[in-house]
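Order of the sequence lines fixes the chain letters, A, B, ..., with proteins taken first and strands second; residue numbering starts at 1 for each chain.
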Protein chains: 4
Amino acid sequence: MAGPASIARDQLRSIIERIEKLEEEKQAIAGDIKEVYGEAKANGFDAKTLRQIVRIRKLDSAERQEQEALLDVYMLALGMIADPEG
Amino acid sequence: MAGPASIARDQLRSIIERIEKLEEEKQAIAGDIKEVYGEAKANGFDAKTLRQIVRIRKLDSAERQEQEALLDVYMLALGMIADPEG
Amino acid sequence: MAGPASIARDQLRSIIERIEKLEEEKQAIAGDIKEVYGEAKANGFDAKTLRQIVRIRKLDSAERQEQEALLDVYMLALGMIADPEG
Amino acid sequence: MAGPASIARDQLRSIIERIEKLEEEKQAIAGDIKEVYGEAKANGFDAKTLRQIVRIRKLDSAERQEQEALLDVYMLALGMIADPEG
DNA sequence: TCGCCTGATAGTTGCC
DNA sequence: GGCAACTATCAGGCGA
């Protein structure tokens, strides 16, 4: 008989399968990244330095975003812009 | 003048960009996974338990692969299959 | 009789106790930090903004350090400084 | 001119500095803890197991506190102790 | 006050 | 086989 339990079971199965599929994709991309580093190394680039560059660019971008957010906070506090929360 | 330095620079740029693009994709998928857990939770499933299930299934699958690899070793030793290394 | 086992046991006890003591201290400091935010709030400062400032200053400092480390890497690569690894 | 703004500014500076100092101390202690684990490892102890012991002891202690709190509730209900809420 | 979400911490894997 | 990068889990802070 197909009662509520089987519905829940099907939902569960679906959830697990979706997650597992997404994790596989994620792993695949992680593999691609590793490959790029490998290629780079084969072309004479130092992986550690490359990672540092990537990391610092991420920091840059994070800081820029924070700076802008902080600016909004100040401007909001000073009544220079409208409250985005309306 | 377009000497070796500019070639290296272009290569470097290309490497960094490929990595950053892949990392973005990876992050996007991580976001998708989080969404699935969120949905699941909204449907009454417990995220922590779901994570355990996923983890266990991954272990199971790893074990199964080990098991199969071992079987191959035995079958190879017994001359039941051909040496894959040629 | 006081054999090797008891020595190991005493060592273990000592390790655990040192860790637990340090973790307590860490918790105490976390409590102090929370207090400072509480005080600040009582004086009309917004905790969220304060946290953002602290975070951005940390990012600044992290980036500066990374920048310097990266500079060293480049200079080393260009033979402009000696290898610190000797 | 030293008006209210400068007072707020000094307060702000003081708050930020106190927080940053406390966070540094917290980090220093985290480093000490890591060192203890390192030492322990050098003496043949397994860090992962040590962490488990610490975690279990923390749980135990939390349980014990719960137990004591519960005991107080019972004793209070039986008129064996005075109401701490006055 | 409760649920969510980001940041801290623990564990794992891959490199040297 | 040790160490460092990456991933996954967990807890504390924020908003509703």
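As a whole-Å value, the separation of C:Glu66 CD from F:dA5 C1' is 13 Å. In this structure, the CD atom of A:Glu24 is 17 Å from the C1' atom of F:dT7, given to the nearest Å. In this structure, D:Leu59 places its CG atom 13 Å from C1' of F:dC10, rounding to the nearest Å. Rounding to whole angstrom units, CG of residue A:Asp46 and C1' of F:dA4 are separated by 14 Å. If you take CD1 of A:Ile29 and C1' of F:dT7, they are 15 Å apart, rounded to a whole angstrom. Look at NZ on B:Lys58: it is 9 Å from C1' on F:dA8, rounded to the nearest Å.
Here the side chains of C:Arg13 and C:Ile16 are not in contact, with every heavy-atom distance at 4.5 Å or above. Side-chain contact between A:Ile53 and A:Phe45 is absent, with no heavy atoms from C-beta onward closer than 4.5 Å.
Under the salt bridge (Lys or Arg N to Asp or Glu O under 4.0 Å) test applied with D:Arg57, the options C:Glu20, C:Glu23, C:Glu17 reduce to a single match, C:Glu20. Checked against D:Ile81 for a side chain to side chain contact (heavy atoms under 4.5 Å, CB included), the options D:Leu71, D:Val73, D:Leu76 give a single hit: D:Leu76.
C:Arg18 and D:Glu39 are joined by a salt bridge, as a carboxylate oxygen and a charged side-chain nitrogen come within less than 4.0 angstrom of each other. In summary, A:Arg64 and A:Glu68 do not engage in a salt bridge, as defined by a charged side-chain N under 4.0 Å from a carboxylate O.
Residue order along DNA chain E, read from the 5' end via each residue's closest nucleotide, puts B:Lys34 first among A:Lys41 and B:Lys34.
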Quick test: give all pairs of protein nitrogen or oxygen and nucleotides 9-12 of chain E nitrogen or oxygen below 3.5 Å, distance rounded to 0.1 Å.
from   : atom 1 : to      : atom 2 : distance (Å)
E:dT9  : OP1    : C:Lys26 : NZ     : 3.0
E:dA10 : OP2    : D:Arg51 : NH1    : 3.3
E:dG11 : OP1    : D:Arg55 : NH2    : 3.1
E:dT12 : OP2    : D:Lys48 : NZ     : 3.1

